[in-house]
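These notes concern the structure reproduced below.
As the structure lists them, so they are numbered: ligands from 1, and atoms in each ligand from 1. Bear in mind that the values here come from a model prediction, so they are computed numbers and not experimental data.
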Amino acid sequence: MRIFITLLTLASLAAVPTPALASGDAPVAIVIHGGAGTIRREDMDAAREAAFRAALEAAVRAGHQRLAAGESSLVAVRTAINLLEDSPLFNAGKGAVFNADGVNELDASVMSGRDRNAGAVSSVRRVRNPIDLAIAVMQHSPHVMLSGEGAERFAAEQGMALIDPGYFHTDFRWQQLQDARERETAGRSGAADFFSTVGAVALDRDGNLAAGTSTGGMTNKRFGRVGDSPIIGAGTFADNASCAVSATGHGEYFIRWVVAYDICARVAAGAALADAADTVINHVLVEAGGAGGVIAMDPEGNIAMPFNTAGMYRASVGVDGGVFVGIYGEEGGVVD
Ligand code: ASP
């Protein structure tokens, strides 16, 4: 029944036409990702691929509807990420991966481009929508990042429900952990051990950018490991003076190469968004050996979504209202 209702909700969201901009309105745009990784056409069955496309399209349209209604980029980012967190398909919220202890530890962050305000949480185990807690840290605490038990105590103080960690169990992710353990025992690298972190970047009518990222991290990660997703400048960054970015990939590289900030620093120094994002993902990171991708947007609503992996789940609604959904490397164009 619940699945049926979810499908109905997704179907009704997908069926709603993208609102066109009234003339004179400032442009709005949104881009989301559902993670980069070893995502190949030949490994995907048709039903699973269709489910990913429907979930991405529903999330990007839902975020865009908020922008078209005049709401802030922060609200749009949260709306899109909440839908992806609640889907078992993505490695965030409900679909989070397991760590080496067989536990789900979730990370998230958010940044506002207007004032560089930011909030982040790491290693939370009982928060259904970590992006909501990151936003609460940004808006209702004097801090930028809270971790573990302290973050959960803050969630309770904010009136957020602390849920049974069993909520995050999915058989699919449990099997991924067993596979990763086997690979580790066999001495093979964990190159396929990251997938499907989620993120969103949006531009609202007031010209404000925002970016957010939410993840379960990497399968079989060591207990307490924190990746790039909750680290401002690495996995998430937003500044109206340059750009906004949400990243996905092998977090240790994204932290050391300060990927999100590096892209925006290049834009601030005069590079076009597409060139800056391409340079960092396809040159700097490739030379370093770091796999992954980003979504990025500048204050004009230009969008870039480069990745150096086989695929990246991604979707956007540009300033012209065109909707794009993509999974594999070779895809381009808009779906309507
Ligand atoms: N970047 C995330 C991390 O390292 C994983 C991912 O994007 O899939 O935790």
Side-chain angles (χ1 to χ4, degrees), residues 31-39 52 56 81 84-85 87-100 103-111 120-125 130-131 134 145 147-148 168 170 172-173 176-177 179-180 189-201 211-237 245-263 277 280-281 285 288-296 305-314 327:
V31 55
I32 65 172
H33 70 77
T38 320
I39 308 162
F52 271 109
L56 288 165
I81 290 182
L84 299 172
E85 286 178 328
S87 164
L89 292 171
F90 300 97
N91 171 22
K94 175 63 188 158
V97 299
F98 288 94
N99 74 4
V103 169
N104 308 98
E105 288 188 330
L106 292 80
D107 302 331
S109 67
V110 70
M111 189 163 186
V121 293
S122 67
S123 309
V124 295
R125 297 179 174 192
I131 196 71
M145 185 190 277
S147 69
F168 297 111
T170 58
F172 182 72
R173 296 298 183 204
Q176 277 184 339
L177 174 63
D179 296 346
S189 94
D193 291 347
F194 61 90
F195 321 78
S196 346
T197 285
V198 308
V201 171
T213 310
S214 181
T215 189
M218 290 170 73
T219 302
N220 203 27
K221 65 185 180 182
R222 288 303 173 266
F223 16 86
R225 176 261 188 187
V226 177
D228 61 311
S229 305
I231 297 182
I232 298 302
T236 302
F237 188 76
V245 174
S246 169
T248 169
H250 195 156
E252 280 67 11
Y253 288 86
F254 282 69
I255 294 171
R256 290 154 65 209
W257 270 266
V258 204
V259 164
Y261 177 73
D262 188 12
I263 292 170
V280 174
I281 297 302
L285 266 191
V294 292
I295 51 171
M305 335 181 208
F307 50 96
N308 61 34
T309 48
M312 181 169 83
Y313 300 109
R314 58 202 189 278
I327 298 179

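Taking every non-hydrogen atom of Thr197 and a distance limit under 4.0 Å, the qualifying atoms of ligand 1 come out as 2 (C), 5 (C), 6 (C), 7 (O), 8 (O). Close contacts between ligand 1 and Ser229 involve ligand atoms 1 (N), 2 (C) [criterion: under 4.0 Å to a heavy atom]. Of all atoms in ligand 1, listed by their number and element, those nearer than 4.0 Å to a heavy atom of Met218 are 4 (O). Near Gly251, meaning under 4.0 Å from one of its heavy atoms, ligand 1 places the atoms 4 (O). Less than 4.0 angstrom separates some heavy atom of Thr248 from each of these atoms of ligand 1: 6 (C), 7 (O), 8 (O). Taking every heavy atom of Asp228 and a limit of under 4.0 angstrom, the matching atoms of ligand 1 come to 1 (N), 2 (C), 3 (C), 4 (O).
Note on Lys221 versus Glu252: no salt bridge recorded, every NZ/NE/NH1/NH2 to OD/OE distance being 4.0 Å or above.
Residue contacts with ligand 1: Gly217 is placed with no nitrogen or oxygen under 3.5 Å of a nitrogen or oxygen of the ligand (distance criterion only). The shortest N or O to N or O distance between Thr215 and ligand 1 is not below 3.5 Å. Here's the thing with Gly227: none of its N/O atoms is less than 3.5 angstrom from an N/O atom of ligand 1. The distance criterion of under 3.5 Å between nitrogen or oxygen atoms is not met by Asn91 with respect to ligand 1. Residue-to-ligand polar distances keep Glu252 apart from ligand 1: every N/O pair is separated by 3.5 Å or more. An N or O contact shorter than 3.5 Å is missing between Ser196 and ligand 1 by distance.
Surrounding CZ of Phe52 are more than 12 heavy atoms belonging to other residues, nucleotides or ligands, all under 6.0 Å away.
When each of Thr236, Leu106, Thr197, Thr248 is paired with Ser229, the side-chain contact (heavy atoms from CB on, under 4.5 Å) condition holds for Thr197 and for no other.
A donor-acceptor pair under 3.5 Å is absent between the side-chain atoms of Asn220 and the main chain of Asn99, judged by distance alone. In terms of modelled atom types and a separation under 3.5 Å, the side chain of Arg222 and the main chain of Ala100 share no donor-acceptor contact. For the pair Glu105 (side chain) and Gly224 (backbone), a donor-acceptor distance under 3.5 Å is present. No side-chain donor-acceptor contact under 3.5 Å links His33 to the backbone of Val294. Of the possible polar contacts, one joining the Asn104 side chain to the Val97 backbone as a donor-acceptor pair under 3.5 Å is found.
By the 30° and 60° cut-offs, the orientation of the rings of Tyr253 relative to Trp257 is parallel.
Residue Gly249 places a heavy atom less than 4.0 Å from ligand 1. Under a 4.0 angstrom heavy-atom cut-off, Lys221 registers as lying outside contact with ligand 1.
No hydrogens or angles considered: a donor-acceptor pair under 3.5 Å links the side chains of Ser246 and Thr213.
By the criterion of a heavy-atom distance under 4.0 Å, neither the backbone nor the side chain of Met312 is placed next to ligand 1.
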